[in-house]
Structures are given as C-alpha cells and as structure tokens.
Participant: 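So that we are looking at the same thing, I have put the structure below in structure tokens.
Chain identifiers are assigned alphabetically (A, B, ...) following the order of the sequence lines, protein sequences preceding nucleic acid strands; residue numbering begins at 1 within each chain.
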Number of protein chains: 2
Amino acid sequence: MEALTVLADPTRRAIVEQLIEGPEDAGTIAARFPVSRPAISRHLRVLREAGLVRSETAAQRRVYHVELEPLRELDDWLAQYRSFWADRLDRLDAHLAEEN
Amino acid sequence: MEALTVLADPTRRAIVEQLIEGPEDAGTIAARFPVSRPAISRHLRVLREAGLVRSETAAQRRVYHVELEPLRELDDWLAQYRSFWADRLDRLDAHLAEEN
DNA sequence: TCTGTATGTAACACAGCAGTTACATACAAT
DNA sequence: ATTGTATGTAACTGCTGTGTTACATACAGA
C-alpha cells in the first residue's frame, strides 16, 4: 500500500497523471510545475522507488514511463470495500461501458 | 481526492478497516492501538472531516461508523487508469466473482 | 578539448503532522 | 451533589517531508 502514501502528494499525482499521456524526460516534466527542477527530481526518485515510474536513459536525457502495477495493488485494496457500496450493478455497468 | 492524503496514515487506514466490521465507540477503537487515546481522537476528527466516518452520540459514548463515499471517489479516480492494465477481462471476471 | 545542456545529489530551512501530557466538558449513577 | 467514566481540546515537542540553492556528473557537439 505504499502507493497510497506516495500519491498523497499532489505534485506526484500530477506527474503520474501526465505520464499516462505518454513518456517524458525529466526536464519536460519539471517545466510543467511551479517548483524547482531538483524538487521534481526527488519526486521522480520517490515514484521510481515505489515502482510507479521507470526511467530509460537516452544520452543525457532520462525518459520516464508510468508503471501501473502499484496502482493495481491499490485497486485491489479498494476492492475489499467495493462490495459495501450500494449500487453495485450500476458500477459494474460503468465498468463495462468503460471497456469500449 | 482528500481520501488519499487521509488514508496515507496507517493508523487511520487501520481504523477504517476495523470499522468496516461494525461500528465502535471511540474508547474501543483507541484500545486497539499502541498510541494514546487523544491521538486516536484526533485521527477520528480527521476521518470525520474527510467524510470517512460519522459519529453518533449515545450518552457519553461516541459511536463511529464508516462512510464509504470518499473511498468510492478514490475508486472513481483509479478507474481512469484501470483501462491501461493489461488483463482487463481477468479483472472483470474477478469483479463478477466478487458479486456472489 | 571545451562548452553547453540535462540531470541527479548534498546540505540546509521550514512547515506540517502525529505524538504526548494536562485539562475541560458532559453525562450516569450512587 | 459528588464521583467516575467517556471523550474531546489545548499546548507543546519532535520527526518527516518538501522546498530551496549550490554543486557534481555525464554526455553531445563545435
């Protein structure tokens, strides 16, 4: 459940959300945020250590990709509560709709 | 997405998990943890303010219940990633199995 | 080889959070 | 009324985490 603590930070959440759109190098990621580049560098390290991103080296650039396995674990944790929600069938419908 | 930050704390996570089993008063909840009762009292306040629990007054006792709506919002947030996971059909199967 | 570019790390500052003890409040029961 | 029980709040402490600036490293290209 480390993903929970790591994603509690809004900047890291935003980084992950952005990387879903596609891989980006560290500089491009940092440019999107109002904080310093070293701060982003450390966020990326935290995300890396939690297995939420992976980096590939290309010359000086480090290109980051998302790695969704930890989110899946978080989802599995949530699953234990899902059965308590009222309109289960509605959610299943939504789930099915999402598949298209 | 406040649920994420609130549940990042393992004690609060444990409180929520316990309350799933059924409502409990503040004292009983506190007794389960190795920290002081006032510490638990503040955790309960944080959970209350995030809408994750609700309390009902019964004489001096405050009985706490879980309130799962925020977890559902978290689940909705996760849903945007779910479609990226490889074995979608497997998960749908698991979801269906869970309904029984 | 030297210069510029891309990135991570070190050292430090500051804020916020979770913990503690002491105290206040409120109700029940004798 | 007084005492005991249940709970929350106040004030304070210490740690962790996020931010900053300055520096190190590494590669590309002129």
Side-chain angles (χ1 to χ4, degrees), chain A residues 1-19 21-67 70-71 74 77, chain B residues 1-19 21-67 70-71 74 77:
Chain A
M1 209 48 45
E2 191 186 3
L4 257 178
T5 65
V6 167
L7 292 174
D9 181 274
T11 301
R12 284 196 287 265
R13 218 152 55 222
I15 290 174
V16 169
E17 284 179 333
Q18 177 62 46
L19 287 182
E21 307 297 327
E24 279 182 345
D25 58 82
T28 308
I29 295 168
R32 299 184 188 282
F33 297 93
V35 298
S36 69
R37 199 193 46 70
I40 298 297
S41 184
R42 231 194 6 263
H43 281 309
L44 287 171
R45 173 161 64 157
V46 172
L47 288 168
R48 230 184 298 128
E49 288 171 352
L52 276 159
V53 304
R54 179 172 40 86
S55 77
E56 277 165 16
T57 303
Q60 308 103 316
R61 308 276 173 82
R62 306 269 177 101
V63 181
Y64 283 86
H65 311 253
V66 277
E67 201 70 53
L71 285 178
L74 176 53
W77 179 77
Chain B
M1 209 50 44
E2 189 186 6
L4 258 178
T5 64
V6 168
L7 293 174
D9 182 273
T11 302
R12 284 196 288 266
R13 218 153 54 222
I15 291 174
V16 168
E17 285 179 335
Q18 178 61 45
L19 288 181
E21 308 297 326
E24 280 181 345
D25 59 82
T28 308
I29 295 169
R32 298 184 188 281
F33 297 92
V35 298
S36 68
R37 199 193 46 70
I40 298 296
S41 183
R42 228 191 12 259
H43 280 309
L44 287 171
R45 174 161 64 158
V46 172
L47 288 168
R48 231 185 298 129
E49 288 172 351
L52 276 159
V53 304
R54 180 172 39 88
S55 78
E56 276 165 17
T57 303
Q60 308 103 314
R61 310 276 174 83
R62 307 270 176 102
V63 181
Y64 284 85
H65 311 252
V66 278
E67 201 70 56
L71 285 179
L74 176 52
W77 179 77

Participant: Using whole Å, report how far CG of A:Leu44 lies from P of C:dT9.
Facilitator: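 Roughly 11 Å, once rounded to whole Å.
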
Participant: Measure from CZ on B:Phe33 to P on D:dT7 and round the result to the nearest Å.
Facilitator: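 It is 15 Å, rounded to the nearest whole Å.
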
Participant: If you measure from CD1 on A:Ile29 to CZ on A:Arg62, what distance do you get to the nearest 0.5 Å?
Facilitator: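 Answer for the CD1-CZ pair, A:Ile29 versus A:Arg62, is 12.5 Å.
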
Participant: Closest heavy-atom contact between A:Pro70 and A:Ala50?
Facilitator: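 Result for this residue pair: CG-O, 3.5 Å.
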
Participant: Given B:Tyr64, which of B:Leu44, B:Ile15, B:Leu47, B:Asp25 fulfils the side-chain contact (heavy atoms from CB on, under 4.5 Å) condition?
Facilitator: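 Of all the options given, the one that passes is B:Leu44.
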
Participant: Any residue in residues 50-57 of chain B with a heavy atom nearer than 4.0 angstrom to DNA chain C? Just list them by number, or reply none.
Facilitator: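 Within this stretch, nothing sits under 4.0 Å of the strand.
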
Participant: Starting from C1' on C:dG19, measure out to CZ on B:Arg12 and report it in whole angstrom.
Facilitator: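 Atom CZ in B:Arg12 sits about 12 Å away from atom C1' in C:dG19.
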
Participant: So B:Glu67 and B:Leu52, do their side chains get closer than 4.5 Å, heavy atoms only?
Facilitator: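 Not in contact.
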
Participant: Would you call A:Val53 and A:His65 a side-chain contact if the rule is heavy atoms closer than 4.5 Å?
Facilitator: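 A:Val53 does not reach A:His65 side chain to side chain.
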
Participant: Where each residue is assigned the nucleotide of DNA chain D containing its nearest heavy atom, which of A:Asp9 and B:Arg61 is assigned the position nearer the 5′ end?
Facilitator: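 The 5'-side residue here is B:Arg61.
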
Participant: Output the distance between atom CE (A:Met1) and atom CZ (B:Arg13), rounded to the nearest 0.5 Å.
Facilitator: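 Interatomic distance, A:Met1 CE to B:Arg13 CZ, rounded to 0.5 Å: 6.5 Å.
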
Participant: Does C:dT7 have OP1 or OP2 under 4.0 Å away from a side-chain N or O of A:Arg45?
Facilitator: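 Answer no for this pair, as no side-chain N or O of A:Arg45 is under 4.0 Å from OP1 or OP2.
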
Participant: Under 4.0 angstrom, heavy atoms only, what part of the nucleic acid is B:Tyr64 near: base, sugar-phosphate, or nothing?
Facilitator: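 Sugar-phosphate only.
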
Participant: Return a single string for nucleotides 20-30 of chain D, one symbol per nucleotide in 5' to 3' order, where B is base contact, S is sugar-phosphate-only contact and - is none, cutoff 4.0 angstrom on heavy atoms.
Facilitator: BBB----BS--

Participant: Side chain of A:His43, heavy atoms from C-beta onward: which of C:dG19, C:dG8, D:dG19 has the nearest atom to it?
Facilitator: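 The answer is D:dG19.
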
Participant: Looking at CZ of B:Arg42 and OG of B:Ser36, how far apart are the two atoms once the value is rounded to the nearest 0.5 Å?
Facilitator: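 Nearest 0.5 Å value for the CZ-OG distance: 9.0 Å.
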
Participant: Pairs of donor and acceptor atoms involving the side chains of residues 3-11 of chain A, under 3.5 Å and at least two apart or interchain, shall be tabulated with distances.
Facilitator:
{"unit_1": "A:Thr5", "atom_1": "OG1", "unit_2": "A:Glu2", "atom_2": "O", "d": "2.9"}
{"unit_1": "A:Asp9", "atom_1": "OD1", "unit_2": "A:Thr11", "atom_2": "N", "d": "2.9"}
{"unit_1": "A:Asp9", "atom_1": "OD1", "unit_2": "A:Arg12", "atom_2": "N", "d": "3.0"}

Participant: Where the side chain of B:Asp25 is defined as all heavy atoms beyond and including C-beta, which of C:dG19, C:dT7, D:dT7 is the nearest nucleotide?
Facilitator: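 Nearest nucleotide to the side chain: D:dT7.
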
Participant: Could you state the CZ-C1' distance from A:Arg13 to D:dT18, rounded to the nearest angstrom?
Facilitator: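 Computing the A:Arg13:CZ to D:dT18:C1' distance gives 15 Å.
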
Participant: Could you give the distance from OG1 (A:Thr28) to CD1 (A:Ile40), rounded to the nearest 0.5 Å?
Facilitator: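 These two atoms lie 12.0 Å from each other.
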
